[in-house]
K.L.:
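This is the structure I want to talk about, given as structure tokens.
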Amino acid sequence: MSNMLTQLDRVLRMRMQEADADSSYVASLHTKGLNKILEKVGEESTELVLAAKDAEGKGADSDEYQAMISETADLWFHSLVMLNHLGADSRAVLDELGRRFGLSGLEEKASRSQD
Ligand SMILES: N=c1c2ncn([C@@H]3O[C@H](COP(=O)(O)OP(=O)(O)OP(=O)(O)O)[C@@H](O)[C@H]3O)c2ncn1[C@@H]1O[C@H](COP(=O)(O)O)[C@@H](O)[C@H]1O
């Protein structure tokens with residue numbers, strides 16, 4: 001998975017730096033600016049929530065399950081464009097998940113409340 005994200009990072013960075021908004025969707029988002037990118041992230045988040053509700057209790061071979069996967073991909077993709085726009089990429093997020101790996105969310109929360 002991280003290999004696909006790394007490849008996508010590379011393509012998205014090239015589109016941001018070199019592509020024309022008329023021929024590249026990614027370049028068109030950067031040209032429109034952060035507010036447009038955030039609008040897409042918000043839109044895709046809402047679509048994912050609705051798709052996930054529809055997918056509840058349905059099998060992996062259902063249309064609803066596939067729609068949930070597709071909406072998740074849309075959200076990940078637009079989140080990567082947002083990260084790129086702000087000078088970050090998937091590596092930073094994967095590093096953060098790696099840092100958290102094995103640390104219980106409940107233990108982490110308890111350690112914060114003792115501060
Ligand atoms: N993974 C994606 C990807 N996922 C979704 N999308 C596009 O995201 C757009 C917005 O999705 P929506 O569901 O909101 O579609 P819409 O109804 O047309 O929405 P509006 O933008 O018109 O509001 C669609 O045009 C999708 O095709 C993507 N566009 C590009 N990529 C990747 O980015 C690379 C570079 O793309 P270009 O910059 O277009 O060359 C591609 O090779 C892909 O690897």
K.L.:
If you measure from OG on Ser90 to CG on Leu83, what distance do you get to the nearest 0.5 Å?
P.N.:
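Answer for the OG-CG pair, Ser90 versus Leu83, is 8.0 Å.
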K.L.:
List, one per line, each side-chain donor-acceptor pair under 3.5 Å for residues 38-50, sequence neighbours excluded.
P.N.:
unit_1: Glu39; atom_1: OE2; unit_2: Lys36; atom_2: NZ; d: 3.3
unit_1: Lys40; atom_1: NZ; unit_2: Glu43; atom_2: OE2; d: 3.0
unit_1: Ser45; atom_1: OG; unit_2: Val41; atom_2: O; d: 2.7
unit_1: Thr46; atom_1: OG1; unit_2: Gly42; atom_2: O; d: 3.1

K.L.:
Would you say Leu86 ends up clustered with Phe77 if hydrophobic residues are merged whenever their side chains have heavy atoms under 4.5 Å apart, either directly or through other cluster members?
P.N.:
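Same cluster: Phe77 reaches Leu86 through Ile, Leu, Val, Met, Phe, Trp or Tyr contacts under 4.5 Å.
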K.L.:
May I have the step-by-step check of side-chain contact (heavy atoms from CB on, under 4.5 Å) for His30 and Val81, ending in yes or no?
P.N.:
CA-CA 8 Å; His30 290 296; Val81 174; 3.8 Å; yes
K.L.:
Roughly how far apart are Ile37 CD1 and Asn84 CG, rounded to 0.5 Å?
P.N.:
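These two atoms lie 9.0 Å from each other.
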K.L.:
Would you find more than 12 non-hydrogen atoms of other residues, nucleotides or ligands less than 6.0 Å from Leu103 atom CG?
P.N.:
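Yes, because the 6.0 Å sphere around CG of Leu103 holds more than 12 heavy atoms from other groups.
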K.L.:
Within the side chain of Ser70, is there an N or O that forms a donor-acceptor pair under 3.5 Å with the backbone of Gln66?
P.N.:
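No, Ser70 side chain to Gln66 backbone: no donor-acceptor pair under 3.5 Å.
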K.L.:
Spell out, yes or no, whether Met16 and Leu12 are grouped together once hydrophobic residues are joined by side-chain heavy atoms under 4.5 Å, including indirect joins.
P.N.:
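No, it is not one cluster - the side chains of Met16 and Leu12 are not joined through contacts under 4.5 Å.
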K.L.:
Give a yes or no on whether a salt bridge exists between Arg91 and Asp95, defined as a side-chain N under 4.0 angstrom from a carboxylate O.
P.N.:
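Salt bridge: yes.
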K.L.:
Holding to side chain to side chain contact (heavy atoms under 4.5 Å, CB included), I want the full list of residues that pass it with Gln17, two or more places apart in sequence or in another chain.
P.N.:
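Side chain to side chain contact (heavy atoms under 4.5 Å, CB included) list for Gln17, sorted by chain: Arg13.
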K.L.:
Could you report the tightest heavy-atom contact between Ser24 and Ala19, atom names first, then the distance?
P.N.:
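Shortest heavy-atom contact: CB-CB, 3.7 Å.
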K.L.:
Find the distance between CG (Leu94) and CG (Leu5) and round it off to the nearest 0.5 Å.
P.N.:
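Between atom CG of Leu94 and atom CG of Leu5 there are 5.5 Å.
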K.L.:
List the steps and the verdict of side-chain contact (heavy atoms from CB on, under 4.5 Å) for Trp76 and Leu8.
P.N.:
CA-CA 11 Å; Trp76 285 21; Leu8 194 50; over 6 Å; no
K.L.:
Under a 4.0 Å N-O cut-off, is there an ion pair linking Lys53 with Glu56?
P.N.:
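Looking at Glu56 together with Lys53, the answer is yes, because their closest N to O distance falls below 4.0 Å.
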K.L.:
For Ser62, give me all partners under side chain to side chain contact (heavy atoms under 4.5 Å, CB included), at least two apart in sequence or on another chain.
P.N.:
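Only Lys58, Glu64, Tyr65 meet the side chain to side chain contact (heavy atoms under 4.5 Å, CB included) criterion with Ser62.
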K.L.:
If you round to the nearest 0.5 Å, how far is CZ of Arg100 from CG of Leu97?
P.N.:
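CZ of Arg100 is found 6.0 Å from CG of Leu97.
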K.L.:
Between CZ of Arg10 and CG of Asp89, what distance do you get to the nearest 0.5 Å?
P.N.:
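The CG atom of Asp89 is 11.0 Å from CZ of Arg10, to the nearest 0.5 Å.
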K.L.:
Can you confirm whether or not the ring centre of Tyr25 sits under 6.0 Å from the ring centre of His78?
P.N.:
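Yes: the rings meet the under 6.0 Å criterion.
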